[in-house]
Protein chains: 4
Amino acid sequence: MTTTENRTRPANGGGVLRKKVTDAIIEAALAEVAKTGYARTSMDAVARRAGVGKATLYRRWPSKQTMLAELIRDKVTEALPPMPATSALSTDLRELLVTLRDQLSHPLVTRIGTGLLAEATHDATLDDLLQNEVAAPRRAAAHAILQNAITRGELPPNLNMEMGIDLLIAPLAFRMLMLKSPIDDQYIETLTRSIEAALKASS
Amino acid sequence: MTTTENRTRPANGGGVLRKKVTDAIIEAALAEVAKTGYARTSMDAVARRAGVGKATLYRRWPSKQTMLAELIRDKVTEALPPMPATSALSTDLRELLVTLRDQLSHPLVTRIGTGLLAEATHDATLDDLLQNEVAAPRRAAAHAILQNAITRGELPPNLNMEMGIDLLIAPLAFRMLMLKSPIDDQYIETLTRSIEAALKASS
Amino acid sequence: MTTTENRTRPANGGGVLRKKVTDAIIEAALAEVAKTGYARTSMDAVARRAGVGKATLYRRWPSKQTMLAELIRDKVTEALPPMPATSALSTDLRELLVTLRDQLSHPLVTRIGTGLLAEATHDATLDDLLQNEVAAPRRAAAHAILQNAITRGELPPNLNMEMGIDLLIAPLAFRMLMLKSPIDDQYIETLTRSIEAALKASS
Amino acid sequence: MTTTENRTRPANGGGVLRKKVTDAIIEAALAEVAKTGYARTSMDAVARRAGVGKATLYRRWPSKQTMLAELIRDKVTEALPPMPATSALSTDLRELLVTLRDQLSHPLVTRIGTGLLAEATHDATLDDLLQNEVAAPRRAAAHAILQNAITRGELPPNLNMEMGIDLLIAPLAFRMLMLKSPIDDQYIETLTRSIEAALKASS
DNA sequence: TTCTAATCGAGACGGTACGTCCCGTCTTGCC
DNA sequence: GGCAAGACGGGACGTACCGTCTCGATTAGAA
C-alpha cells in the first residue's frame, strides 16, 4: 500500500479518489494487460476502456510501471502468501510447491511477470516493490518451513538458508517464468523428494 | 546467422552489406544497451552513435527486437556452450555451475536478459531464438552430464531428466536473473553437494 | 474553414485545439515558408520553430499540403476579394488590376503560389481549394465588372465572358507567377487601355 | 545541350556515356513522370524502370530537377519553336495561338510544367533554363510577329512590346497551366480578334 | 588482339523528412 | 476538489527518397 494507500481514505475536505473509478481502472488495466501484455499495454487504452480520463490514472499511480506492478502485487498477495507449515518437512514442502505453482500459473503473472522484472532493472522503486512485496513473503514462507524442520531435527542446523530457499523456489519459478512450461503433479512429487534429499545432505 | 547471414556474402557485383558498417553498428548497439537497457535503447541512438543512417540498421534487421535478440544470441553463443564433461559427476557439476555463473554475469545478460525474456512473451520468433539458441545448448550440456553419470552408475537410470536439468540450472539462473544477486564460490560448493544428493535421491 | 473549422469550437468539456498554439504554428509555418519555399518546408522545422510537438500539427491538418494550402488560402482570402465596381469600365478595370497586382505581390504568393499549383496537379482537394477559394472570387469580381459594363452599354452583350475574364486576369497573373517580373504603373495603364479595346472589339 | 553535351561525344579513351542507356533513361523518366507527376517522381523509380543503376543517372544529370527540366525543354524544343510569320497580323496571331495551345497541351507540360516552375523558385539554374530555353523562344516569336506588323504599318510603332507579348501569350498559358482548362477553336478565334484590337489601341 | 580505363547494374551508404504512436502533463468545463 | 475528454511537448518508430559511394562485370577505343 505504498502509492495508493489514500485511495480508500474516507474523505479529507473535498477531493477523494472515488473507489468506483479506481476499480473500473483496475479492471480495465487487467483486461488490457491480459490482451496485450506488459510492454504493449498503453495508458491511453486503459483509460479509454475504463471510460476515464488519463489524468485520473496518474492521480492514482505515478507511472505505467508502478500501476502494473501494484496490480500484480495485489493479485499475488490476495492469492494469499503460501504461509507456513503444518507437520513434517516433506508435507510442508509439497504444499509450498503446489501453492507456488498455482500462483505462478495465474495469467497475470504469465503475462507481465517478466515484463515487470525487465523494467525493474531500470526502476529502483519497482525493483523494491517486486523484491519486498512479491518475492520476500514467499522466501519468508520457505524460510519458516526450513527453520521448523531444523527445530524438529529433520534438517542439519548449519543449513545454508539462502541456498535452501533457492532450492525450494527456483526450479518452479524458473520453469514457469523462463521456459513457460506447465508443471504436472508428477513433477512436483519427484521434486519434493529430491529437494528433501538435497537439504538433508547440506551438512 | 538467421537474418544477416548474407552480410558477409562475399560479393555479387553490387550492393553488399559492408562488414565495417555492421561492426560499427553492433558495437554501438552493445554500448547503447549497456548504458540504457533493452527497452530503452533506441534505434536513433544506435544509428547516431554508429555514425550511420537509420535505414542502414533496418537493412540488416527488420526491427529493434530482432537486432537486439541477434546481438545477445551471438554474444552468448560466442561465450561457447559450456560443453560437457570429464570425469565424475561432482566435478562435472561444479564445472557447469561455474561456467553458468560466469556467463550469466556478463553485463549484456544482466542488462537485457530479462528484457528479451519479456519481449519473447509477445514475439514467437524471439522466443524460439532464446529457447533454441540460448537455453537449449545449456540444457543439452546438463543433459550430457546426467547421462554420463547414469552410464557410470552414479545416478539411478530412472532419473527424471527434465527435473534433473532444472535442478542444475534453475538455482543459479533464478538467483542471478531474478534476484540480481551475486554468487560466491561457497554458494556453488554447497549447491554442488546438495544437487548431487538430490539427484541420487531420485529413485 | 474546412479542416479546422472546429479549432475555435467554444468548448465541450475537454480537449479543444488551443488558439494560442494554432496561432504559433501558423506564424511559424509562414516564417518557414517565407524562408524555404513550399516544397522545402518541413513539418519538423515548423514544429520546432513553433515550440510544439509534431503531433500537434497533425491534430490540425492531415498533411503538409493541406496545412500550407489552408495557410495561403486564408492569407489570400483575408486580403479580401477585390470586389467589384464603381462607375465606368475603365476605372473598374484599373482598380481590379491594381488590386490583383498587390495581392500577387504578397511574398506568400510569390513563395509558394507555384508550389501549390504544382501540388494541385496531384491533389484534387488542393486543386478544388485553389480553384474555388482563390481563383473563383477573383473571376467573380471580373465577371461583375464585365456584366455591369454590358448593362451600361459599354460592352457588347454577346461578349465571350470566359475569355473576357481571362483577358483581365491572365496578363498580370502570368507575368508575376511565371516570369516573376514586377509590374509598374505604366504597364497597368497601358494594359487597361488595351484590354478595354479588346473587350469592345468582341462583337 | 548544357549538362549532357558530352553524351554523344564520339570517344575519349574508353568510357563514353552510351546512347542506348541514355535513351532508356529518358524513356523511363517520361513514363514515370506521366504516371506520377513531377514532385512524386523518384530517381530510384526511374532507374529501376530503365534497368539502370542510379549512378548512371547522376553521371548524366546533376540532380532530379535538372534531368526533368532537360526532358521538358527537349520535348518543347523538338516541338519546334513556333517561329514567326507569314503574311498579315491576324493570321500570324492565329497561327501562334494554335501552336501555343498544341504545345501547352502536351502531357509532359501538363504533368510537370508547374512543378518545374515551382522548383525554379529555389534553383537559379533551373529558372534560367526555363526562362531562356522555354519562354524566350516563344516570346521571340511573338516579338517578331509584332515587329513585322509594325513594319507593315498594321500596329502603331510606339507599341509597348513587353505588354504586347504578354497579351499574346498569357491568356492561353494562364488558362492551360493554371486553370487546366482546354481551349477550343472558337476561343482562339475570339481571342485573336480581341488581341488584335487591343494591340491596335496601344497608342 | 590485347590492354586499359571509364561505364554499367546493383544497391549500400549518411542523411532528412515523413506521418504515427505513446508517455506523462496540462487545460477546460461539468459535477 | 475529482472527473471525462483529450490537447500538449517530447521522443521513438519504421519508411521513402535524395545524391554519393562501392563493388565486380562489361565494353570499346588505343596499343
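Since the model is a prediction, treat every value here as computed from it, not as a measurement. Naming: A, B, ... by sequence-line order, numbering from 1 per chain.
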Write down the distance between [atom1] ([X]) and [atom2] ([N]), rounded to a whole number of angstrom.
| X | N | atom1 | atom2 | answer |
| --- | --- | --- | --- | --- |
| A:I25 | F:dG2 | CD1 | P | 13 Å |
| B:R60 | E:dG11 | CZ | P | 15 Å |
| A:W61 | E:dT25 | CH2 | C1' | 18 Å |
| A:L57 | E:dT25 | CG | P | 12 Å |
| D:L17 | F:dT26 | CG | C1' | 15 Å |

| task | Would you sort out whether B:R59 and B:T56 count as a side-chain contact (heavy atoms from CB on, under 4.5 Å), showing the intermediate values? | result | CA-CA 5 Å; B:R59 228 170 266 127; B:T56 302; 3.5 Å; yes

| query | Would you say F:dA4 has OP1 or OP2 under 4.0 Å from some side-chain N or O of A:T56? | reply |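 Result: yes.
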
| said: Below the 4.0 Å mark, does E:dG14 have OP1 or OP2 next to a side-chain nitrogen or oxygen of B:R18? | reply: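 No.
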
| Closest contact, heavy atoms only, D:A47 versus D:K54 |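 The pair with the smallest heavy-atom distance is CB-CG, 3.9 Å.
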
| field | Derivation and outcome, side-chain contact (heavy atoms from CB on, under 4.5 Å), residues D:E70 and D:D74 | value | CA-CA 6 Å; D:E70 204 186 278; D:D74 287 354; 4.1 Å; yes

| field | Stepwise side-chain contact (heavy atoms from CB on, under 4.5 Å) check, A:V21 with A:R60 | value | CA-CA 10 Å; A:V21 172; A:R60 286 163 172 75; 3.7 Å; yes

| said: Within the 4.5 Å heavy-atom criterion, are D:L71 and D:V33 side-chain neighbours or not? | reply: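 No - every pair of side-chain heavy atoms lies 4.5 Å or more apart.
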
| Can you list the residues that meet the side-chain hydrogen bond (donor to acceptor under 3.5 Å, both in side chains) rule with D:R48, with sequence neighbours excluded? |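 Listed in chain order: nothing, the list is empty.
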
| Sequence-aligned protein contact record of nucleotides 11-18 of chain F, with B where the base is within under 4.0 Å of a protein heavy atom and S where only the sugar-phosphate is | -SBBB-SB

